[in-house]
**Student:** 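Let me give you the structure first, and then I'll get to my questions.
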2 protein chains.
Amino acid sequence: MAKRPTVYDVAKQAKVSIATVSRVLRTPETVRPATRDAVQDAIRILGYVPSGSAQGLATQKTGVIGMFLPGFDAVEQLRDFTPSTKDEALLRPDPPAEGSALPQPDRLYFDEVLRGSEIEAWHQGRSLLINIGLGHSEEDITALVSDMAGKVDGMVVLARSIPDATLAFLRRRIPVVMVANAPQDDLPNADLVRVSNRKGMKALVNHLIDAHHVDSFAYIAGPDDSPDNHKRYEGFQEALSFHGINPATAPIYRGQFRSHLAHDITADLIKRRRLPRALVCANDQMALGAIQALNEAGIAIPDDVIVTGFDDIKETTSVVPRLTTVRQPMLDLGRAAVSVLAQRIENPTAPPIAIELPVTVLLRESCEGDMASETRE
Amino acid sequence: MAKRPTVYDVAKQAKVSIATVSRVLRTPETVRPATRDAVQDAIRILGYVPSGSAQGLATQKTGVIGMFLPGFDAVEQLRDFTPSTKDEALLRPDPPAEGSALPQPDRLYFDEVLRGSEIEAWHQGRSLLINIGLGHSEEDITALVSDMAGKVDGMVVLARSIPDATLAFLRRRIPVVMVANAPQDDLPNADLVRVSNRKGMKALVNHLIDAHHVDSFAYIAGPDDSPDNHKRYEGFQEALSFHGINPATAPIYRGQFRSHLAHDITADLIKRRRLPRALVCANDQMALGAIQALNEAGIAIPDDVIVTGFDDIKETTSVVPRLTTVRQPMLDLGRAAVSVLAQRIENPTAPPIAIELPVTVLLRESCEGDMASETRE
DNA sequence: TTGTAAGCGTTATCAC
DNA sequence: GTGATAACGCTTACAA
């Protein structure tokens, strides 16, 4: 790993000027084949790799897209990597988990989006620079984001992963595409990529009414500050109104996108004998909590109560009955985000781009009952 | 998004020289508080963000670690992101899958390693530059890797994700840490981070013999070119030898880390009435295939035949009976890799670092039988 | 403590 | 078709 060779070394080796070396790399057709070969040989011999920093400086672009991932509570994962000294590996009985294991939903979600971004980045001939926001202090995050901003041509930002002020700052400097964030008043003409939460919930509830003649609902909502949550509730309302049901007659219970609260809400509903025909939950975690409460009380799903979720997290198919839910195209979200960002980078003055990706309602036993006999698609 | 301000703009605004601006950023303590504040104000007012490229050029380091992910067969994921025009979301009945769904194992594996790398990169104050190797041609991959090499201080390379020649080339230019690759003759003094495949398999097989008195085995192996596969088989042999069983008496069946082949091998074993007491598989996919074949034939697991896997992929706990397997600390693999790489970058001449992470044998019903009564840990 | 100026390794605009 | 040479934006001796 001697000192890395530069254009000058290559030029000398090939007996040409550095300009020619650069041309061979960028516009090979403008250089005579003979010289071109000479340069390429030199490059090979020296193992020359152009400096990205120098290229970036000269061209004013890096070919890199930044992506900032929110940090979870993973900071405590701080064990050491002590080489194993024992000659035996650890044995551990691993009995089946009781109750529903607490899922770690966001993580899978981001993994999918990330993967989609990687794929599209590849298509665009760009790299992805990723950072995870483990430092919980706002300064830390701002510093990190600012640092990234200096290294990339544009940035994909996941909904609510960075403070508003930081986001505003960022948007002054480089193109930014928001993912899964509903347009907000304070974000005029931002490029964004999202998913049709409203339509998904609406279609789901329409189905409950049309196919299952549900006439009484309860809605277990997510946190107030979640745009997703609002959009879903809008869809819920629309479906009800459309069928002449006054949405006001369907009670809302405020949750936190967590299964625990939904479990308690449901248990309370059971105790007070206020169970509706269908329990519509703003996301899967909560639906799982509800199912657990119903199962504990021996209430039949879907015969007594229908339960639905949103997101299609992994656990929805391991619970009994399997949960009817709405799947978001996470991978496409990532793909679309990077695609839009690339367009924006190439054409900074084009009008704002907003993409809405369609969702899919997955009908499963928690509303359909036994499906085993149906033909598999 | 006017032209991005530079040190010069900041200097002018704060009425100092560009050197002072730089100092405020890098060594604030060397500048008088008054001037420091002036500069910081200017930075704030202008929304100044240092150019990573310029910094990289000047300091000869980027603060970025590269990571190259292998590309699967995901290239065909090429639909468009057509905004949904329909007002209704798509409804789809989603009956339970028959048979064991085909898992996509590597992907989860890499996601874990990636996540670990992100976490450690954060600890090290570095960013991660990732690229996925979708272009199947060797030139494409080499070009991509070479491009990355120009942008990073070092690189984490997953086992067999890039061609040997490219790897050799890469190692001449920048520090490289190999992940999950057994040391090979052609890779002298490489830094590497791996997992004790051998010890894991050995402990597992020892357990089968000690606790379950297994005296006849068959081994369903992975591909010949996989170091993991070899290490696991070594562990298998060692355990047998240790107990005075001649490994030669346990037939080996060559698989491909795929469930399909293992299924057929097992079915064949059944037909020929050659089933051993225990079927030890080199990874989970194959074990799942074996279980499927046994279930189809109505053979009891573990009463008639014990089956074991390796990796602990998601599906191991949804199959019946749940699969006894060996879990690798994927997240720690990533963490360790970045940690080692950071050390290497800071001290290029230190002796090679090799870390072996311990694995955990997870005893589940496919060898233990009913565990429901046991106390949960 | 602060300023001046010389790189860092490219690209790109001119001449030739 | 090729070669000088001036940016590009920052860091860092070296001077002041």
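Throughout, a chain's letter reflects where its sequence line sits, starting with A, and its residues are numbered from 1. Values below: every heavy atom of this structure, side chains too, minus hydrogens, waters and symmetry copies.
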**Student:** Rounding to a whole Å, what distance do you find between B/D147:CG and C/dT10:P?
**Tutor:** 13 Å
**Student:** Listing request: all salt bridge (Lys or Arg N to Asp or Glu O under 4.0 Å) pairs with a residue in residues 13-40 of chain A, at least two apart in sequence or in separate chains.
**Tutor:** none
**Student:** Residues of residues 47-55 of chain A with any non-hydrogen atom less than 4.0 angstrom from an atom of DNA chain C: list those, numerically ordered, please.
**Tutor:** A/Y48, A/V49, A/P50, A/S51, A/A54, A/Q55
**Student:** Are any of the side-chain heavy atoms of A/T166 and A/F68 separated by less than 4.5 Å?
**Tutor:** no
**Student:** For DNA chain C, which residues in residues 18-35 of chain A have a heavy atom at a distance below 4.0 Å?
**Tutor:** A/I18, A/A19, A/S22, A/R23, A/R26
**Student:** Look at the side chain of A/R173 and the backbone N and O of B/G47, then say whether any donor-acceptor pair between them is shorter than 3.5 Å.
**Tutor:** yes
**Student:** Check DNA chain C against residues 56-66 of chain B and give the residues with a non-hydrogen atom under 4.0 Å, in numerical order.
**Tutor:** B/L57, B/A58, B/Q60
**Student:** Checking side-chain polar atoms at under 3.5 Å, does A/T349 have a donor or acceptor matched by the opposite partner on A/N347?
**Tutor:** yes
**Student:** Are B/E139 and B/P163 close enough that some pair of their side-chain heavy atoms sits under 4.5 Å apart?
**Tutor:** no
**Student:** Is the shortest heavy-atom distance from the side chain of B/R335 to the side chain of B/H123 under 4.5 Å?
**Tutor:** yes
**Student:** Should B/I65 and B/Q124 count as side-chain neighbours, where that means a heavy-atom distance under 4.5 Å?
**Tutor:** no
**Student:** Only one of B/V338, B/L341, B/D153 forms a side-chain contact (heavy atoms from CB on, under 4.5 Å) with B/R126, so which one is it?
**Tutor:** B/D153
**Student:** Is the shortest heavy-atom distance from the side chain of B/L114 to the side chain of A/L114 under 4.5 Å?
**Tutor:** yes
**Student:** Using whole Å, report how far OH of A/Y8 lies from P of C/dG7.
**Tutor:** 11 Å
**Student:** Do the side chains of A/R115 and A/E118 get close enough for a salt bridge, i.e. N-O under 4.0 angstrom?
**Tutor:** yes
**Student:** When you list every nucleotide of DNA chain D with an atom under 4.0 Å from a heavy atom of chain A, which one comes first 5' to 3', and which comes last?
**Tutor:** D/dG1 to D/dG9
**Student:** Looking at A/A54 and A/S51, what are the two nearest heavy atoms and their distance?
**Tutor:** N-OG, 3.0 Å
**Student:** Quick one: are A/I18 and A/S22 in side-chain contact, heavy atoms under 4.5 Å?
**Tutor:** no
**Student:** Main chain of A/K151, side chain of A/T62: is a donor-acceptor contact present, judged purely on distance under 3.5 Å?
**Tutor:** yes
**Student:** If you look at every heavy atom in B/P175 and B/R344, which pair is closest and at what distance?
**Tutor:** CB-CG, 3.5 Å
**Student:** Using side-chain contact (heavy atoms from CB on, under 4.5 Å) as the criterion, point out the one residue from B/D191, B/V156, B/V179 that pairs with B/V340.
**Tutor:** B/D191
**Student:** Measure the angle between the two terminal helix axes of the helix from C/dT1-D/dA16 to C/dC16-D/dG1, five base pairs each, and quote it to 10°.
**Tutor:** 30°
